[in-house]
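Take a look at the structure set out below.
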Amino acid sequence: MIAAAIRIAAILAIAILGGAASVSLALDSYARGEAGRSGQWVALPHAPGADANPYALALAGRSPSLPLARAEGTVYVANADSRGIALRRDCSYTISGTVPSARFWTLHAGGSGELVPSAGLHSQAVLRGDDDSLVIDVAPHAAPGNWLRLTGEGPLTLVLSLFDTPVSGGAEAADLPGIERQSCDGQ
Amino acid sequence: MKRLLREVLYVMLAGIVGAGIVHIVIVLLIPAYSERDAWSLLSAAAEPFELVALANTQLPLAGNDANPFLESAVCVLDLSEGVAELRGEGKAPFWSIAVYDRWGQSVFSLTDRTAVGGLPHVAVATPLQILDLRKSMPERLEDAVIVEMEETRGVLVVRAFRPDPSYAPVMRRFFDGLACAPV
């Protein structure tokens, strides 16, 4: 009798804990988005559409945000530089390369977890090289040319938002710029 | 010893199968039972058809909602009060409209590039209401984009691009010129 009760309790425990944990893991991984083909940029999921799978709906159900719809645009985030080292607000980085085609784009810095409004750049106010290439200095100290100002300390998330764009986050987003770390304060 | 091993294996296998079932059930039930979704928080913070700046709601700003170049306004929709109409009189360098149903599913979206005269004019209706509209379209909705939403509850978000602080008057005119109301 007791053996049977223990057996059932053990099965239930594994089922409930395992089920709940696996849902949490699956949704977190879905929320982090799919990696675009280049470097550290990851596309955030769009709002689930008519063909949404249950995971997309579950994510929408438990996260209080209104992600962009496909027709509005696509948002890429980066939490690490091209070498895979986590981005920090007290370091200097250079973003260089090209940005996928879009009517306009914005680049801004967020904190960790919740994104706090901060300094930003957009495509209509940015200087380009002769070959349409882009160099942006992301740093706490002022830099000539395109400069994205960093303040404070802690982890850094870079958010590149493309608006009115054919790019929707899949593997065709090969034109995302690289992020090179230059130096860090106090090191 | 061997019997204990078989017991453990059996329990683990049954547990894993159970975990699979629990997993599926949880994923399917989250939308129905969650109170942390955007619609729940917004409908607690605003009356239906009341246009509210997104920055003023309880929504923990995340992802693109915290973009310093975007200003957004939300309108909670309740189609049981009638067909919802959003119309605007001002212009902005870029604006977009997105309609989400009660479950956060994107029902429709549109940018100023595809709008008549660059002005926002959208009507959201249930399938039944659309049948009525087809029979006799109210004059005020004649140049509106008609959006079908099966749910009666949803959210409409208007986002506008503000290139720099000097555009504040343009933004004010754009958002003050928006009206969200049942027809």
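Just so it is clear: chains get the letters A, B, ... in the order the sequence lines come, proteins before strands, and each one is counted from 1.
Top candidate by heavy-atom pairs under 4.5 Å with chain B, chosen from A/Ala10, A/Ser22, A/Ala3, is A/Ser22. Chosen from B/Asp112, B/Val99, B/Asp164, B/Thr114, the residue pairing most often with chain A at heavy-atom distances under 4.5 Å is B/Asp112. Counting heavy-atom pairs closer than 4.5 Å to chain A, the top-ranked of the candidates B/Ile30, B/Val17, B/Ile16 is B/Ile30. With respect to chain B, the highest number of heavy-atom pairs below 4.5 Å among A/Gly18, A/Pro54, A/Ala52, A/Pro48 belongs to A/Pro48. Between chain A and the residues B/Pro163, B/Ala32, B/Ala98, B/Gly20, the most heavy-atom pairs under 4.5 angstrom are made by B/Pro163. Interface remark: of the candidates A/Ala47, A/Ala21, A/Ala125, A/Ala13, A/Ala47 forms the most heavy-atom pairs closer than 4.5 Å to chain B.
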**Request:** Show your working on side chain to side chain contact (heavy atoms under 4.5 Å, CB included) between B/Leu42 and A/Leu66 and close with a plain yes or no.
**Result:** CA-CA 11 Å; B/Leu42 284 171; A/Leu66 295 165; 4.0 Å; yes
**Request:** Go through B/Met12 and A/Ile11 one step at a time and tell me if the side chain to side chain contact (heavy atoms under 4.5 Å, CB included) criterion holds.
**Result:** CA-CA 7 Å; B/Met12 275 175 47; A/Ile11 293 178; over 6 Å; no
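Put simply, the residue from B/Val22, B/Val27, B/Val25 that forms a side-chain contact (heavy atoms from CB on, under 4.5 Å) with A/Val23 is B/Val27.
Side-chain heavy atoms closer than 4.5 Å link hydrophobic residues (I, L, V, M, F, W, Y) into clusters, and following such links, even through other members, never connects B/Ile97 to B/Trp39. Follow the hydrophobic side-chain contacts under 4.5 Å out from B/Val107 and you reach B/Phe49 in the same cluster. Under the 4.5 Å side-chain contact rule for hydrophobic residues, B/Ile146 and B/Val158 do not share a cluster. Taking hydrophobic clusters as Ile, Leu, Val, Met, Phe, Trp and Tyr residues chained together by side-chain heavy-atom distances below 4.5 Å, A/Ile179 shares a cluster with A/Tyr76. Taken together through direct or relayed side-chain contacts under 4.5 Å among Ile, Leu, Val, Met, Phe, Trp and Tyr, A/Val135 and A/Ile95 form parts of separate hydrophobic clusters.
Within 6.0 Å of atom CD in A/Gln124, more than 12 heavy atoms from other residues, nucleotides or ligands are found, so the atom counts as buried in its surroundings. Counted within 6.0 Å of CD on B/Glu89, heavy atoms from surrounding residues, nucleotides or ligands total 12 or fewer; the atom is thus considered open. Remark: B/Glu142 CD is packed, more than 12 non-hydrogen atoms of other residues, nucleotides or ligands lying under 6.0 Å away. A/Glu153 CD: 12 or fewer foreign heavy atoms inside a 6.0 Å radius.
Neither the backbone nor the side chain of B/Glu35 comes within less than 4.5 Å of any heavy atom of chain A. The part of A/Leu121 that comes within reach of chain B is its backbone (N, CA, C, O), which places non-hydrogen atoms under 4.5 angstrom from that chain. The part of A/Leu27 that comes within reach of chain B is its side chain, from C-beta onward, which places non-hydrogen atoms under 4.5 angstrom from that chain. Only the side chain of B/Val74 comes within contact range of chain A, with heavy atoms under 4.5 Å apart. With a 4.5 Å cut-off on non-hydrogen atoms, B/Phe108 does not touch chain A at all. Heavy-atom distances place the side chain of A/Ala26, and not its backbone, under 4.5 Å from chain B. Only the backbone of A/Leu107 comes within contact range of chain B, with heavy atoms under 4.5 Å apart.
Here the side chain of B/Tyr100 pairs a donor or acceptor atom with the backbone of A/Pro67 at under 3.5 angstrom. A distance-only check finds a donor-acceptor pair linking the side chain of B/Ser34 to the backbone of A/Gly61 [under 3.5 Å]. Distance alone, capped at 3.5 Å, places no donor-acceptor pair between the A/Glu72 side chain and the B/Ser96 backbone.
Atom CD1 of B/Ile21 and atom CD1 of A/Ile16 lie 12.0 Å apart (nearest 0.5 Å). Taking OG1 from A/Thr106 and CZ from B/Phe69, the interatomic distance works out to 6.5 Å, rounded to the nearest 0.5 Å. Going from atom CZ of B/Phe161 over to atom OG of A/Ser123 covers 6.0 Å, rounded to the nearest 0.5 Å. To the nearest 0.5 angstrom, B/Asp37 atom CG is 11.5 Å from A/Leu59 atom CG. Note that CG of A/Leu25 is 9.5 Å distant from NE2 of B/His23, once rounded to the nearest 0.5 Å.
The ring of A/His122 has its center no closer than 6.0 angstrom to the ring center of B/Tyr167.
Two residues are said to be in side-chain contact when any heavy atoms from C-beta on lie closer than 4.5 Å; B/Thr111 and A/Phe163 fail this criterion. The shortest side-chain heavy-atom distance between A/His108 and B/Leu70 does not fall under the 4.5 Å cut-off. B/Val11 is listed as a side-chain neighbour of A/Ile14, based on a closest heavy-atom distance under 4.5 Å.
Of all non-hydrogen atoms in A/Arg103 and B/Arg113, the two that sit nearest each other are NH1-CB, 3.7 Å.
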